[in-house]
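Worksheet for the structure shown next.
Since the model is a prediction, treat every value here as computed from it, not as a measurement. Each residue takes its place number in the sequence, starting with 1.
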Amino acid sequence: QGGSAARADELFVPPLLATGAVHHALLARNLRQKASLLVQTGQAWSTHHVACLVGYGASAVHPYLAFESVVSWWDSPKTKSQRSSGALGKVKTVEDALANYRASVEAGLLKILSKIGISLLASYHGAQIFEAVGLSDEVVGLALKGTPSRLGGLSLAEIEEESRMFHRKAFGEASAPTKLENYGFVKYYNGREHHHNSPPLTKQLHAALEAAERGEAYDKYALFAESVRTKPLTSLRDLLEIKSDRKPIPLEEVESVEDIMKAFCSGAMSLGALSREAHETIAVAMNRIGGKSNSGEGGEDSLRYTPITDVDPETGVSASFPHLSGLKNGDSASSAIKQVASGRFGVTAAYLANAQQLEIKMAQGAKPGEGGQLPGTKVDKYIARLRNSKEGITLISPPPHHDIYSIEDLAQLIYDLHEVNPAAQVSVKLVSEIGIGTVAAGVAKANADVIQVSGHDGGTGASPLSSIKHAGSPWELGLAEVHTTLSNNGLRDRVTLRVDGGLKTGFDVVQAALLGADEYGFGTIVMIAEGCIMARICHTNKCPVGVTTQEEALRKRFSGTPGHIVRFFEFVAEEVRHTLAQMGYKSLREVVGRAELLKPRGAPLAKTAGLDLSVLTTPAHGGSPPEAKPIKAYAHTNGRVLDDELLEMEDVAKVIEANEGSADVRVGIVNTDRSVGARLSGHLAKRYGDKGFAGKLRVALDGAAGQSFGAFLVEGVELTVHGEANDYVGKGMNGGRIVVRPPEGAAYEASESAIIGNT
């Protein structure tokens, strides 16, 4: 049965406000368990709407208007025609259609539960696992009690006015619309909801880069940057402006473009999600400017580990990389940052050993709680080989890492990665959300070198619609929290802070620096710079410009070159220089963490007037500004380990050097000897690749092995423990052999005892 229709003389109370208020009023009187709350509303139609209502106390939801809309669709002439032609398949009755809608909402609700890590709806009921962005203490105290709302925001009076605005549309002097308006929330429409990466912006950037190819200067890019700055308010940083404490200085006194670009990184976009051409072009460009590209999850071709030396200077084409254009001898297509995600696709010892930095992907900013997903149509023979998988099979990384259930587990993986590649820094990618500061403090103590804060504006062209809204929070909040927490706990100098999520311009970079960032990640905008036109069909494998497809015919349409991306970053760095000169500062490092130089802009929108931005504009350093320091360039070390002793043994060293023969050695081991075999494997893989070591090393160990025994073990290495081993035995092993057996003379029955730990 439908709900009561809206009336001209009545104003509705938003259902979430009403539900939360009743829920908390009953809780305050110890009556909540004596009643169920049934919410009948025309305003709930999406999975997020239902999740909010259930999360704030609704026992059941009746979205009557959504059901009526399904019935209306069923009775429409177009649907009747589809029914007659058999186009609707198994949907034979209106009841089938209603059941489909209900099933889809319930499946979406279960997906939300899974992202949080909850199995039962009863556990989600009234759990309030949300953060509010832009709601006042008045509203939170009435209906959302206990929900974090760091910025304040809309009052009850302002929510009432917003309700009246919709009411006037229906019952005002103007005639009510006969068709529901499409606001363009999930797809760009001219004149509707503003989108960060819209076709007009894409065209403007392409025009700037084309002008640069003709030798024209910075001016065209300046128009692009100005259009980004004057766009409708869409992010928290749009509410802030820079008020420097110094007078402007000449541009010539500001550090060079080349020095600034060293702090730039590209986003973690995997080979598979991107075409080979697009992925390698980004890597070459980032290496040229001294920045860092990110492999994303999914492995990397070993061909890319060595510099390109066979380029024809006249054509810019390499025999090794014939599909790329605009190359130069000495270019490198190796991603500086190689990612370790939960699926561990393509994560081998050689992959890890050839990285400058190893990134542990704890979550994705654009869709926290979900793992990466590569549709089977994009897993061709080449991608399957790199990912050690099967052609045509969809590849999904589960949301959590299978070996990380606590900060201690994360610390162990950091240790493992420092072992397999002692020269590489280890970074940890975290999502901007309430409490990220506490997690970041643990990560810093666990010996990570870099912490990346990913905001919700980060994108993935393959996300389903239910994943790209209402998840994560602005990077501005997460970055400010992490920088402040680390500073207050004496941990800030231990790590480099990187931020990403919708960065496009030099002004964005300076704002991120003021909030505490040392490095700056660019994602979608880099794809646009190399030719992406934002067709938004990445998941279909039909990208019309060859950026996000594995189809050979479409990949041939790719026209990007490393030079396009280099010019974009040169423009961004030049804008940084102009901004710093206006501020009176000579380098980007001088303004890192100087949040007191950010001030709220005069709020042009009524809905932003109540926001308290002090959480962003209060500096972590309190009194005098911190001293400008260079970015941390070294990697933390695990110190001297058992593997170092093995590598120094004469018999072992001879076999490794000759790449033939065999060696048998025996040593003792104790449970503080962690990740034994990882450093040895990394050393072999760096020299000979994953399968190129032709010798044989047999190591016998007596005692109790520590965690991650035999991690990333390569072919040709055999480890035998006479005793027992702790958790994570054989983590990421890659062709080696591990034997764990009871010590001689053990008093227990081997077949009835556990002698390896449980991960």
Just wondering, more than 12 heavy atoms not from [X] lying within 6.0 Å of its [atom1]?
| X | atom1 | value |
| --- | --- | --- |
| Lys469 | NZ | yes |
| Arg102 | CZ | no |
| Glu650 | CD | no |
| Glu648 | CD | yes |
| Arg737 | CZ | no |

Side chains of [Y] and [X]: any donor to acceptor distance under 3.5 Å?
| X | Y | answer |
| --- | --- | --- |
| Ser266 | Asn294 | no |
| Thr377 | Asn541 | no |
| Gln339 | Glu297 | no |
| Thr496 | Glu519 | no |
| Ser295 | Arg304 | no |

With a 4.5 Å cut-off on side-chain heavy atoms, are [Y] and [X] touching?
| X | Y | value |
| --- | --- | --- |
| Ile451 | Leu486 | yes |
| Val699 | Val665 | yes |
| Lys731 | Ser708 | yes |
| Gln364 | Glu370 | no |
| Phe693 | Asn659 | yes |
| Asn447 | Val426 | no |
| Leu37 | Arg32 | yes |
| Asp727 | Gln412 | no |

In plain terms, say whether [X] and [Y] are close enough for a salt bridge, that is, a side-chain N and a carboxylate O under 4.0 Å apart.
| X | Y | answer |
| --- | --- | --- |
| Glu391 | Lys381 | no |
| Arg674 | Glu419 | no |
| Arg687 | Glu657 | yes |
| Lys632 | Asp493 | no |
| Glu359 | Lys292 | no |
| Arg276 | Asp380 | no |

Table please: side-chain donor-acceptor pairs of residues 117-127 below 3.5 Å, with sequence neighbours left out.
unit_1 : atom_1 : unit_2 : atom_2 : d
His125 : NE2    : Gly57  : O      : 3.0
His125 : NE2    : Ala58  : O      : 3.2

Donor-acceptor pair, distance only, cut-off 3.5 Å: does the side chain of [X] make one with the backbone of [Y]?
| X | Y | result |
| --- | --- | --- |
| Lys378 | Ala273 | yes |
| Asp643 | Leu680 | yes |
| Gln425 | Tyr634 | yes |
| Thr394 | Gly376 | yes |
| Lys691 | Gly735 | no |
| Arg492 | Val495 | yes |
| His401 | Asp409 | no |
| Trp475 | Val499 | no |
| Asp518 | Leu497 | yes |
| Gln550 | Leu274 | yes |

> Going through the distances and angles, do Thr548 and Met269 end up as a side-chain contact (heavy atoms from CB on, under 4.5 Å)?
Replying inline: CA-CA 10 Å; Thr548 61; Met269 299 175 284; over 6 Å; no
For the residue pair [X] and [Y], what are the closest heavy atoms and their distance?
| X | Y | value |
| --- | --- | --- |
| Val714 | Ala685 | CG1-CB, 4.4 Å |
| Val721 | Gly703 | CG1-O, 3.7 Å |
| Ser675 | Tyr415 | OG-CD2, 3.3 Å |
| Ser432 | Gly455 | CB-CA, 4.2 Å |
| Ala424 | Ala355 | CB-O, 3.6 Å |
| Ile755 | Val740 | CD1-O, 3.6 Å |

Nearest-0.5 Å distance, [atom1] of residue [X] to [atom2] of residue [Y]:
| X | Y | atom1 | atom2 | answer |
| --- | --- | --- | --- | --- |
| Glu280 | Ser275 | CD | OG | 8.5 Å |
| Asn638 | His418 | CG | NE2 | 6.0 Å |
| Ile436 | Met362 | CD1 | CE | 11.0 Å |
| Met733 | Phe712 | CE | CZ | 12.0 Å |
| Glu724 | Phe709 | CD | CZ | 12.0 Å |
| Lys338 | Leu358 | NZ | CG | 8.5 Å |

>> One pair to check against side-chain contact (heavy atoms from CB on, under 4.5 Å): Val340 and Leu352. What are the steps and the verdict?
In response: CA-CA 9 Å; Val340 179; Leu352 299 172; 3.8 Å; yes
> Yes or no on salt bridge (Lys or Arg N to Asp or Glu O under 4.0 Å) for Glu718 and Arg698, after CA distance, side-chain angles and deciding distance?
Replying inline: CA-CA 5 Å; Glu718 179 178 317; Arg698 290 179 287 267; 5.8 Å; no
> Where do Arg387 and Leu271 land on the side-chain contact (heavy atoms from CB on, under 4.5 Å) test, with the steps shown first?
Replying inline: CA-CA 10 Å; Arg387 295 191 176 216; Leu271 176 55; 5.9 Å; no
>> Go through it in stages, so that I can follow the logic: the residues are Leu697 and Ile656, the test is side-chain contact (heavy atoms from CB on, under 4.5 Å), and I'd like the CA-CA distance, side-chain angles, deciding distance and then a yes or no.
In response: CA-CA 9 Å; Leu697 299 175; Ile656 293 174; 4.2 Å; yes
>> Which label fits Phe130 and Tyr56: parallel for a plane angle under 30°, tilted from 30 to 60°, or perpendicular past 60°?
In response: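 Ring orientation, 0 to 90° scale: parallel.
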